Protein chains: 2
Amino acid sequence: MGKITMADVAKKAGVSKSTVSQFLNKRYEYMREDTRKRIEAAIEELHYQPNYLARSLKQKRTSTVGIIVANIMHRFSTEVSRSIEDFFNKHDIHTIVCNADNDPEKEKKYIEMLRAKQVDGLIIFPTGENFDLYKRMMKEGYPIVFMDRKVPDLIAPSVVSNNIEATKTTIEHFMENGHKQIAIATEPLTISTRVERQEGYKKALQDNGIEIRQPFMISANIKKIKKELEELFALDDPPSAILAGNDLVFLEVLEFAKEHKLKVGKDFALAVFDNIPFAHLVHPPVTTIAQPSYHMGEKASELLLKQINKEEIENHELTFPCELIIRDSSKELNNNTVI
Amino acid sequence: MGKITMADVAKKAGVSKSTVSQFLNKRYEYMREDTRKRIEAAIEELHYQPNYLARSLKQKRTSTVGIIVANIMHRFSTEVSRSIEDFFNKHDIHTIVCNADNDPEKEKKYIEMLRAKQVDGLIIFPTGENFDLYKRMMKEGYPIVFMDRKVPDLIAPSVVSNNIEATKTTIEHFMENGHKQIAIATEPLTISTRVERQEGYKKALQDNGIEIRQPFMISANIKKIKKELEELFALDDPPSAILAGNDLVFLEVLEFAKEHKLKVGKDFALAVFDNIPFAHLVHPPVTTIAQPSYHMGEKASELLLKQINKEEIENHELTFPCELIIRDSSKELNNNTVI
DNA sequence: TACTTTTACTATACCGGTTTAGTAAATCGG
DNA sequence: CCGATTTACTAAACCGGTATAGTAAAAGTA
């Protein structure tokens, strides 16, 4: 026998498909004890597994949501995805994660794929490049929540970090530890997160009467970060402190330091925007700006679920504060440190 | 208007559903140029997106495969998943990744969920506990490939590392660098991978005439690893070298070292079974046993695809060699090192 | 006893595609 | 010019569930 269907179970139990369906949906009120038992036995014996496709087709919902992350290699993305999965798990909703790889084309493809699969809603870390598509989905009333990045000129449910504040605090922390030559390195300024981090950097300098200098603001493709750092450190007055704009940039900074035999904490101070799982285990321990990924994922899920359930949602942009976790890498320079 | 269906497109283009379906499946042979254009225009204008559920229901395939990883926190799992996704992407097959969290119940739930969603096949990092379920799937001829771990007494397509060999080589590398007191720490011996790594360890000692001592073989829950290490290092003759059985154990060893002010490379030598993305960036750089995750993912995908396409598959258990990447952490002890 | 209500079901339409068999009109061969 | 073939479609069954309307038998009620 091929694939077991509900008809097979019905036949075996001597009832109609309808009754089996009622049973599966736990509506036992209108069937006798022995009928229920017979269906139960038939299902057990045949190892029957219902076909969700058929059910979803009829019910017009799949109890599945999609997550489109911009780049799965970021720790933050993984943490948020995990949190979203945990949330929806509790509500018996499945989650599909896709990785757009920072590519707008891929993002579009995945959005279309997931919608074709009829997922009930989407949480997107947007590349920002598919404006018309985002807008159309919103107009259709399709449940959607943006995560991590804001889409310019689009009013939409979104969950973001207060990048400006957090960066400013970190730069000022550098200053309090005697640093004046402070640099920031991010990936290209194509998304709000990076722009805001640079903004926070500039604000900190301005507020503290320090001149803003272009060479101290690196924003380059991840592959070119090391080259830019080389130029930066070749200056007459190289920086004494660097803020790495995310975890991937951080690894580049470490690699650069290694290649040029520069020591973190001795030759320059370092902090990272993002959680680094081993930050506390290296020497010197690394100062990080931790985003509340778990809460952000939870809140985004909540906003999405409300939309799916056709509830009104109140707030349109939720900003979460980050936590600056100060460790040795960002303090005054000394001779005691190696990464 | 609610959701656009094929019927809407057909009406707008003045043709039947059948013709629209032909169009979507690129069977243009039997329709006129202008008909094709009209359908094209109608689709464009209505922003029609086909419903994959309906299609899959009829076609009895979803062009989707599932991956069930034992623990998504392992770098190896991520790398393999990525590789599988890449492979299937090329074949226009979607991938859904689920995390069983090392929990057999969760594993079962996910297997059933994915099969209910009618995925065309599964790649599983098995917990090993759902033997009957694995067996039934195989008997049904359901496409399945096991990854990373062997299931005892089950002959099934699987892709694994040569754990015994790789571990033996590493332990012997320790010996060549003068180490005699060598320990190994793994998670509990519930799965083949860990058993084999311990086996390789024992074999290396035996072949080199070194006595095997129980306290030098830690296998404990990740939370208890540090405590076990404490006991180990409290011995009269503590180890001078440790092999961490995977990346998570490695982090525990580092944390233990940090708490007890022990320095890697100075107080004990260290190697890890698994790739560590930052291994080369810390001091001392860490010796790793790299599994060919990309190739393993590729091969597993290939085996799965062949089964899906009803092709015969030749080999039933594919073992991949690992690469020992020797860095400073595993050499003779010296004073020049800090992590 | 006759009528209403409840119980325990069943028959059937439907979801949105695909696919197979069928058909009217145009073209072709002899 | 007529029958055969080709072209360009359409009608309808089907996939495996759900949901709604319907029904026969049993129980309750006046």
Side-chain angles (χ1 to χ4, degrees), chain A residues 1-40 42-43 46-64 92 112-113 115-120, chain B residues 1-40 42-43 46-64 112-120:
Chain A
M1 187 184 260
K3 193 84 185 162
I4 310 293
T5 75
M6 211 159 83
D8 300 318
V9 176
K11 201 167 166 188
K12 178 139 217 152
V15 295
S16 73
K17 272 192 349 173
S18 319
T19 306
V20 178
S21 175
Q22 300 290 3
F23 172 88
L24 288 173
N25 290 286
K26 304 198 201 310
R27 288 189 282 266
Y28 306 126
E29 312 96 60
Y30 297 123
M31 80 187 64
R32 266 179 306 169
E33 179 80 5
D34 69 302
T35 309
R36 214 194 68 203
K37 289 250 168 79
R38 272 199 336 274
I39 297 176
E40 220 156 24
I43 287 175
L46 296 171
H47 290 298
Y48 167 70
Q49 288 287 133
N51 181 331
Y52 283 10
L53 295 184
R55 167 202 295 219
S56 298
L57 180 60
K58 175 72 202 208
Q59 292 193 328
K60 289 164 171 294
R61 64 187 156 73
T62 49
S63 295
T64 304
D92 281 315
E112 283 170 357
M113 184 267 270
R115 294 206 62 192
K117 287 194 174 217
Q118 311 300 116
V119 302
D120 299 336
Chain B
M1 187 183 262
K3 195 82 182 158
I4 310 294
T5 75
M6 210 158 83
D8 300 318
V9 175
K11 202 167 168 189
K12 178 139 217 153
V15 295
S16 73
K17 273 191 351 174
S18 321
T19 306
V20 179
S21 174
Q22 300 289 3
F23 173 87
L24 287 172
N25 290 286
K26 303 197 200 316
R27 289 190 281 264
Y28 306 128
E29 312 97 59
Y30 297 123
M31 82 188 63
R32 268 179 305 167
E33 178 81 7
D34 66 302
T35 309
R36 214 194 70 204
K37 289 251 169 77
R38 271 197 339 271
I39 297 175
E40 219 156 25
I43 287 175
L46 297 170
H47 290 298
Y48 167 70
Q49 288 286 133
N51 180 330
Y52 283 9
L53 296 185
R55 164 200 297 218
S56 299
L57 179 60
K58 176 72 201 206
Q59 291 192 329
K60 290 165 170 296
R61 63 186 155 73
T62 49
S63 295
T64 303
E112 283 171 357
M113 184 267 273
L114 288 170
R115 294 206 62 191
K117 286 193 174 219
Q118 311 299 116
V119 301
D120 299 336

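Numbers restart at 1 for each chain; the letters A, B, ... are given by sequence-line order, proteins then strands. What you are looking at is a predicted structure, and each value in this text was computed from that prediction instead of being measured.
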Touch class at under 4.0 angstrom, heavy-atom based, for B/K60 against every strand present: sugar-phosphate
A/S56 vs D/dG17: side-chain N/O to OP1/OP2 distance below 4.0 Å: no
Spacing of A/K117 atom NZ relative to C/dG16 atom C1', expressed in whole Å: 17 Å
Rounded distance in Å - CD (A/Q49) to P (D/dG16): 15 Å
Contacts of A/K12 that satisfy side-chain hydrogen bond (donor to acceptor under 3.5 Å, both in side chains) - sequence neighbours left out: A/E45
Distance (rounded to the nearest 0.5 Å) between B/M31 CE and B/T19 OG1: 6.5 Å
Any A/R61 side-chain heavy atom under 4.5 Å of A/S63 side chain: yes
Side-chain donor/acceptor contact of B/K3 with base of C/dG16 under 3.5 Å: no
Sugar-phosphate only, base, or nothing, as touched by A/M31 at under 4.0 Å among non-hydrogen atoms: sugar-phosphate
A/Q59 side-chain N/O to D/dA19 phosphate OP1/OP2 under 4.0 Å: yes
Interatomic distance where CD belongs to B/Q22 and P belongs to C/dG17 [whole Å]: 15 Å
Candidate nucleotides C/dT12, D/dT10, C/dT18, ranked by approach to the side chain of B/S21 - the nearest: C/dT18
Atom pair distance, as rounded to whole Å: NZ in B/K17 and C1' in C/dC14: 11 Å
Integer-rounded Å distance: D/dG16 P and B/Y52 OH: 21 Å
Sugar-phosphate, base or nothing in reach of A/V15, heavy atoms under 4.0 Å: sugar-phosphate
B/T64-A/K117 side chain donor-acceptor pair, cut-off 3.5 Å: yes
Between P of C/dT10 and CE of A/M6, the distance in whole Å: 11 Å
Options D/dT10, D/dC15, C/dC15, nucleotide nearest the side-chain atoms of A/K58: C/dC15
Touch class at under 4.0 angstrom, heavy-atom based, for A/T5 against every strand present: sugar-phosphate
Residue-phosphate contact under 4.0 Å: B/R55 side-chain N/O, C/dG16 OP1/OP2: no
Sugar-phosphate, base or nothing in reach of A/R36, heavy atoms under 4.0 Å: nothing
Touch class at under 4.0 angstrom, heavy-atom based, for B/Y48 against every strand present: sugar-phosphate
Passing option when B/I43 is tested against B/D8, B/I4, B/L24 for side chain to side chain contact (heavy atoms under 4.5 Å, CB included): B/L24
Sugar-phosphate only, base, or nothing, as touched by A/R61 at under 4.0 Å among non-hydrogen atoms: nothing
Test: A/R115 and A/E112 ion pair at under 4.0 Å: no
Heavy-atom side-chain contact between B/Y48 and B/M6 under 4.5 Å: yes
Nearest-angstrom distance from the residue atom CG of B/L24 to P of D/dC9: 15 Å
Among C/dT10, D/dA12, C/dT18, the nucleotide that comes nearest once only the side chain of B/N25 is considered: C/dT18
Donor-acceptor contact present, side-chain B/N51 to main-chain B/L53, <3.5 Å: yes
A/K26 NZ - D/dT18 C1' separation (whole Å): 16 Å
Gap between atom OH of A/Y28 and atom CD1 of A/I39 - 0.5 Å precision: 9.5 Å
End-to-end axis angle, where each axis spans five pairs of the helix from C/dT1-D/dA30 to C/dG30-D/dC1, to 10°: 50°
Side chain of B/S18 - closest among C/dG17, D/dT18, D/dT10: D/dT10
Nucleotide nearest B/N51 (side chain, heavy atoms from C-beta), chosen from C/dT18, D/dT18, C/dG16: C/dG16
